[in-house]
A.B. asks: 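My structure is below; once you've seen it, I'll send some questions.
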Amino acid sequence: MTYQRYVALGDSFTEGVGDPDPDRPNGLRGWADRVAEVLGAASPDFGYANLAIRGRKLDGILAEQLEPALALGPDLVTIYAGANDILRPSVDLDALAERYDAALGRLAATGARLLVWTAFDPGGSAIYRPVRPRFALYNELVREAADRHGATIVDFWRLKEYRDWRLWDEDRMHMGPAGHQRMAVEVLDALGVAHDLAPLPLREAAPTTRREQAAAHATWLRESAVPWVHRRLTGRSSGDGLSPKHPTLTRDLTTRSAPSSAPSGA
């Protein structure tokens, strides 16, 4: 099956954080770009928009990205949202899921193919394990919404290979290049799109001695965890001041597409 107009919505997961490429807008590639490359190769009239911005919670995604996405008339939409809400100190998951469900209903009503995700299973991480029950409940609510609106679902929770930290960035919060490639494969397979993407080589195994592990953990605390907590305490976001990589449909993934007359969601 071929698609002509693919629009991606979301946060850092979809923007491509953890998969650096200095030749692309925001300096990122990511799984969505990788999917768009495959889809574009199969269709000369293909266009791709990526409205995702890192750090966005669900309400921010819906407020900034939903209307611009609808205005682009997509025939394929992907959306991943809610993870940043789940990681906050408190969250009303039922209310969150209701708002998400309403947005999925609007996207599905366009007739576009709609693809969503569950959240990943943090059970393999001592850091994120305390919020595992939240992720599990949220995932069930997402599965119900996907069923209700006929959406295709990528069940991130069941992709147990992501317990291998070599699929993740050094910040332990975002997928690395190998993780983004693996996710692109999963998305294309879920859509039934033929491709020849192969797994990327994994980096060397994580430190094994206690001294090496302690040094790596100290580096992570200093460079990733502390800045993340500081942004939460000060009400700032890593996405402040950023614009979407591709606010309107484009085939050129190395140049930020110019905003159209429709809202860009920037």
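The figures that follow rest on heavy atoms only: side chains count, while hydrogens, waters and symmetry mates do not. Bear in mind the structure is a predicted one, so any value in this text is a computation, not a measurement.
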A.B. asks: Return yes if a side-chain donor-acceptor contact under 3.5 Å exists between H246 and D33, otherwise no.
C.D. replies: no

A.B. asks: Is R166 salt-bridged to D164, going by a charged N under 4.0 Å from an acidic O?
C.D. replies: yes

A.B. asks: Tell me, do D121 and F156 make a side-chain contact under 4.5 Å, heavy atoms counted?
C.D. replies: no

A.B. asks: Just do the side chain to side chain donor-acceptor pair (under 3.5 Å) check on R113 and Y3 with the steps written out, would you?
C.D. replies: CA-CA 9 Å; R113 179 80 176 269; Y3 296 95; 2.9 Å; yes

A.B. asks: Would W31 and L28 show up in the same hydrophobic cluster when neighbours are defined by side-chain heavy atoms closer than 4.5 Å?
C.D. replies: no

A.B. asks: Within the distance-only criterion (no hydrogens, no angle test), does the side chain of D101 pair as donor or acceptor with the backbone N or O of A97 below 3.5 angstrom?
C.D. replies: no

A.B. asks: Rounded to the nearest 0.5 Å, what's the gap from CG on L249 to OH on Y48? Could you check?
C.D. replies: 11.0 Å

A.B. asks: With a 4.0 Å cut-off on N to O distance, would you call R88 and D85 a salt bridge?
C.D. replies: no

A.B. asks: Does R5 use its side chain to pair, donor to acceptor, with the backbone of G73 at less than 3.5 Å?
C.D. replies: yes

A.B. asks: Any side-chain to backbone donor/acceptor pair from R56 onto G10? Under 3.5 Å, distance only.
C.D. replies: no

A.B. asks: With ring centroids as reference points, do F120 and W168 lie under 6.0 angstrom apart?
C.D. replies: yes

A.B. asks: Is any side-chain heavy atom of V116 closer than 4.5 Å to a side-chain heavy atom of Y100?
C.D. replies: yes

A.B. asks: Using the rule given for side chain to side chain donor-acceptor pair (under 3.5 Å), can you reason through D23 versus T254, listing the C-alpha separation, both sets of side-chain angles and the distance that settles it, and then say yes or no?
C.D. replies: CA-CA 6 Å; D23 294 328; T254 62; over 6 Å; no

A.B. asks: Heavy-atom distance under 4.5 Å between the side chains of R143 and D155, does that happen here?
C.D. replies: yes

A.B. asks: Determine, for R24 against E37, whether the closest basic-nitrogen to carboxylate-oxygen distance falls under 4.0 angstrom.
C.D. replies: yes

A.B. asks: Under 4.5 Å between side-chain heavy atoms, hopping through other hydrophobics if needed: is there a path connecting L200 to W165?
C.D. replies: no

A.B. asks: Do Y162 side-chain atoms and G179 backbone N/O form a donor-acceptor pair below 3.5 Å?
C.D. replies: yes

A.B. asks: How many angstroms lie between atom NE2 of H180 and atom OG1 of T14, to the nearest 0.5 angstrom?
C.D. replies: 9.0 Å

A.B. asks: Working to the nearest 0.5 Å, report the span between NE2 of H174 and CG of D19.
C.D. replies: 12.0 Å

A.B. asks: From L197 CG over to L188 CG, what is the distance, rounded to the nearest 0.5 angstrom?
C.D. replies: 6.0 Å

A.B. asks: Can you list the steps and then say if R182 with E186 is a salt bridge (Lys or Arg N to Asp or Glu O under 4.0 Å)?
C.D. replies: CA-CA 6 Å; R182 172 68 185 86; E186 192 68 23; 2.9 Å; yes

A.B. asks: Is there a donor-acceptor pair under 3.5 Å between the side chain of K245 and the backbone N or O of R29?
C.D. replies: yes

A.B. asks: Do the non-hydrogen side-chain atoms of M183 and L159 ever get within less than 4.5 Å of each other?
C.D. replies: yes

A.B. asks: Hey, are the side chains of M175 and L167 touching, using non-hydrogen atoms and a 4.5 Å cut-off?
C.D. replies: no

A.B. asks: When you compare the side chain of L191 with that of L76, does any pair of heavy atoms fall below 4.5 Å?
C.D. replies: yes

A.B. asks: Holding to side chain to side chain donor-acceptor pair (under 3.5 Å), I want the full list of residues that pass it with N26, two or more places apart in sequence or in another chain.
C.D. replies: E15, R256

A.B. asks: Quick one: sort the W117 and F13 rings into parallel, tilted or perpendicular, breaks at 30° and 60°.
C.D. replies: perpendicular

A.B. asks: To the nearest 0.5 Å, tell me how far L58 CG sits from L96 CG.
C.D. replies: 5.0 Å

A.B. asks: By the side-chain hydrogen bond (donor to acceptor under 3.5 Å, both in side chains) test, which pairs, at least two apart or in different chains, include something from residues 74-83?
C.D. replies: Y6-T78

A.B. asks: Under a single-linkage definition using a 4.5 Å side-chain heavy-atom cutoff for Ile, Leu, Val, Met, Phe, Trp and Tyr, are I153 and V185 assigned to the same hydrophobic cluster?
C.D. replies: yes

A.B. asks: Identify, with sequence neighbours excluded, every residue that meets side chain to side chain donor-acceptor pair (under 3.5 Å) alongside T255.
C.D. replies: D252

A.B. asks: Just by distance, do the side chain of R134 and the backbone of I86 share a donor-acceptor pair under 3.5 Å?
C.D. replies: yes

A.B. asks: Is it the case that more than 12 heavy atoms not belonging to R158 sit under 6.0 Å from its CZ atom?
C.D. replies: no

A.B. asks: Quick one: which of T248, L70, N50, L72 gives a side chain to side chain contact (heavy atoms under 4.5 Å, CB included) with V7?
C.D. replies: L72

A.B. asks: Check whether L137 and F135 end up in the same hydrophobic cluster, where Ile, Leu, Val, Met, Phe, Trp and Tyr are linked by side-chain heavy atoms less than 4.5 Å apart.
C.D. replies: yes

A.B. asks: Please round to the nearest 0.5 Å and tell me the distance separating atom CG of L115 and atom OG1 of T152.
C.D. replies: 5.5 Å

